[in-house]
Amino acid sequence: MSGSVIHWFRKGLRLHDNPALLKALALAEEKKHAFYAVFILDTWFVKQATVGVNRWRFLLDSLSDLDASLKNLGSRLYVLRDSPENVFNTIIKDWNVKALTFESDTEPYAKSRDETIRKLAKSHHVEVHEYCSHTLYNPNEIIQANNGATPMTYQKFESLVKKIGHPKSPLDSPISIPSNIHSIDGKKYLVPTLDDLEVDQTGLGPHLYRGGETEALKRLEMKLKRQEWICKFSKPQTSPNSLEPSTTVLSPYLKFGCISPRLFYHKLLSVISGKKHTEPPTSLVGQLLWREFFYTVGSVTPNFDQIQGNKICKQIPWSDDPELLEAWKLGKTGYPFIDAVMTQLRTEGWIHHLARHSVACFLTRGDLWQSWVAGVKVFDEYLLDADWSLNNANWMWLSASSFFYQFQRVYSPIVFGKKTDKNGDYIKKYLPKLKKFPSEYIYEPWKAPLNIQKAAGCIIGQDYPKPIVDHDVVRPRNLERMSLAYKGLPIENSAYSAAASKEDDINTKKRKVVSDSTKSKKQKIERKQKSVASFLKKK
DNA sequence: TCTGGCGTTGTTCCC
DNA sequence: GGGGAACAACGCCAG
């Protein structure tokens, strides 16, 4: 009886530019082995990781699409449900496996998982072939080009990839697949449904982004047609709160590998070459390089997803307040822009990069002073494109824990959104309770006189929450905390904390109703600032 | 070892 | 309303 070759899909849910898949097919052809495409619904992800229902759906979409594409070539996808170790222990014998191929992965869990499988394969004399195709470059190659050091700035990173040159060209999809010669029950190992997985479907939102390679390629082609838009693309100029996404929304497809970053990269090059165009870091190519940068740092930094033991992460003593975290998570902070963004995230699974900045800054150094690790977990649950390296890196960035250190630049939960959506149409879309508020008050509805609140059918504090913190109060407090934390001093030394406890000042009343009158609020802050100034003088 | 330049995406104020 | 400076001031990196 002849053996079989398995290509193990994990990320890289595509046929195009898939070197490990091509290797499996070549081996099967050469050795006259059967070929099996396998995906394992890893119980670790079901039990340990919190994956929201929208991303489950995206994954199942992607698997169905992959299955359909494989069927077009006379094969199919086998979806097995268990730990990879258990699965391979069983099928190596039952399916008489001689070779295994997969795409390499840089995340800690994947690394240890793959090490286990490598050992298992070796003990059964199964040859293993791994290829790097989830990123433009092999992260090790970049570290090597930097003499073994981790590049810590984008500029540095860019200089390294310039030295290396363009990434390899993408490979074509296979045009045929050797037929299976083993008989495996055709009804077994089908792509499951959400019901099969017993996923709680109460949070299932509108199906805006269908997963899979077919959709990814369609979306890419659609975006590539807009040549002028691509040439002029500059990330900071795109809007975080447009009613339709102002960027490509290819990130979920990149996360699952429904699309190859190398294909994306080279297609972009062919569009911009010979034309006037924007450059990294703000251009679209620049966006792919940011992804690459964070993948590189994430692949070699121990405890990248934690504060403790993470050498690149500033040790900032964040608070742990489950109520504040929950209010932020559920979009009940009382700041409409923040709440609208969090609502879009929770229901649709995608928000604009700058919207992520706003809410991440708000949760951490800007307003709520909660740990960025808590934010990572919420994004990891809700985002379709939740990607371990990128998620952790961006949260460190926004909390000014690493990469970015100009902590005095704080996003205003009121001002920032106004720049690109003066009328607050975005807020009205995601927070329909507020849709009758006049634009004048849409970013600060608590300031609207009661008669206007009544006319809008929404009383603040009753139908929509009052702000859980006063931005004008917590912002300067947090700035000082950041300054102390950067100096390695405890934040209890903060003049604000001391002055507050001494004079029972507003700092201690974070959940207290925010004053209706701007005037009195301003007076309050002035009083506070005076008391802090005199406190500092005494020191 | 020190120093000056600089950093994808802040806000406010002023012209 | 668009553009530029002030605000206050960090760490990384090249020289």
Side-chain angles (χ1 to χ4, degrees), chain A residues 146-147 149-163 232-242 245-248 251 277-294 297 301 310-316 335 337-338 341 351-362 364-367 390 393-422 443-444 471-489 495 518 522 525 529 532-533 536:
Chain A
N146 199 31
N147 304 316
T150 312
M152 285 306 293
T153 63
Y154 184 87
Q155 279 188 341
K156 184 79 200 171
F157 178 84
E158 211 184 14
S159 76
L160 297 171
V161 296
K162 266 191 186 142
K163 204 159 78 180
K232 286 183 176 165
F233 186 94
S234 181
K235 192 62 163 281
Q237 308 306 318
T238 58
S239 166
N241 47 6
S242 50
S246 60
T247 51
T248 65
S251 54
H277 58 82
T278 51
E279 295 281 353
T282 60
S283 65
L284 273 170
V285 168
Q287 305 311 299
L288 283 174
L289 295 180
W290 277 104
R291 173 179 183 270
E292 202 71 14
F293 172 41
F294 289 145
V297 184
T301 306
N310 180 348
K311 282 190 178 146
I312 69 164
C313 179
K314 288 267 179 197
Q315 302 296 303
I316 299 167
Y335 285 94
F337 177 62
I338 300 296
V341 171
I351 49 176
H352 185 275
H353 190 63
L354 290 176
R356 302 179 196 208
H357 276 217
S358 309
V359 297
C361 184
F362 187 86
T364 57
R365 65 189 168 86
D367 295 82
L390 279 53
N394 278 307
W395 273 96
M396 277 188 263
W397 184 296
L398 261 300
S399 62
S401 298
S402 197
F403 305 110
F404 172 85
Y405 306 96
Q406 290 157 292
F407 58 76
Q408 71 276 18
R409 294 188 188 170
V410 175
Y411 287 89
S412 162
I414 297 155
V415 171
F416 186 69
K418 284 185 189 173
K419 279 193 287 191
T420 41
D421 178 23
K422 207 163 167 247
Y443 285 86
E444 304 166 277
H471 180 71
D472 291 336
V473 172
V474 293
R475 181 184 173 278
R477 180 202 68 182
N478 292 350
L479 280 176
E480 202 200 357
R481 285 176 169 182
M482 287 301 288
S483 177
L484 287 165
Y486 266 43
K487 290 177 185 125
L489 297 169
T518 329
K522 271 191 177 156
I525 294 161
Q529 278 163 350
V532 170
L536 286 171

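Throughout, protein chains are lettered first and strands after them, A, B, ... in sequence-line order, and every chain is numbered starting at 1.
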> How far apart are the C-alpha atoms of A/F293 and A/F403, what are their side-chain angles, what is the distance that settles it, and do they pass the ring-ring contact (aromatic ring centres under 6.0 Å, His included) test?
Replying inline: CA-CA 11 Å; A/F293 172 41; A/F403 305 110; 5.7 Å; yes

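For the P atom pair drawn from C/dG4 and B/dG7, the interatomic distance equals 16 Å after rounding to whole Å. Taking atom C1' on both C/dA14 and B/dT1, the two are 14 Å apart, rounded to the nearest angstrom. Comparing the C1' positions of C/dA9 and B/dG5 gives an interatomic distance of 14 Å, to the nearest angstrom.
Side-chain proximity of A/V415 to the nucleotides B/dT11, B/dT8, C/dC12 is greatest for B/dT11. In this structure, of C/dC10, C/dA14, C/dC12, it is C/dC12 that holds the atom nearest to the side chain of A/T153. The side chain of A/Y411 has B/dG10 as its nearest neighbour among B/dT8, C/dC13, B/dG10. For A/Y154, taking side-chain heavy atoms from C-beta onward, the closest of the listed nucleotides B/dT8, B/dT11, B/dT9 is B/dT8. Among the nucleotides C/dC13, B/dT8, B/dG10, the one closest to any side-chain atom of A/P281 is B/dT8. Each of C/dA14, B/dT11, C/dC10 was ranked by its minimum atom distance to the side chain of A/Y405; first place goes to C/dC10.
With A/H352 as the fixed residue, the side-chain hydrogen bond (donor to acceptor under 3.5 Å, both in side chains) test singles out one of A/T238, A/T420, A/N241: A/T238.
A close approach under 4.0 Å does not occur between any side-chain nitrogen or oxygen of A/R409 and OP1 or OP2 of B/dT11. Proximity of A/K419 to the phosphate of B/dT9: no side-chain N or O atom is located under 4.0 Å from OP1 or OP2. Considering only side-chain N and O atoms, A/Q237 lies nowhere under 4.0 angstrom from the phosphate OP1 or OP2 of B/dT9.
When the P atom of C/dC13 is taken as reference, atom CG of A/N146 falls 8 Å away, rounded to whole Å.
Among the heavy atoms of the strands lying under 4.0 Å from A/T282 is at least one base atom, whether or not backbone atoms are also near. Backbone-only engagement by A/K314 is indicated by non-hydrogen atom pairs under 4.0 Å involving sugar-phosphate atoms exclusively.
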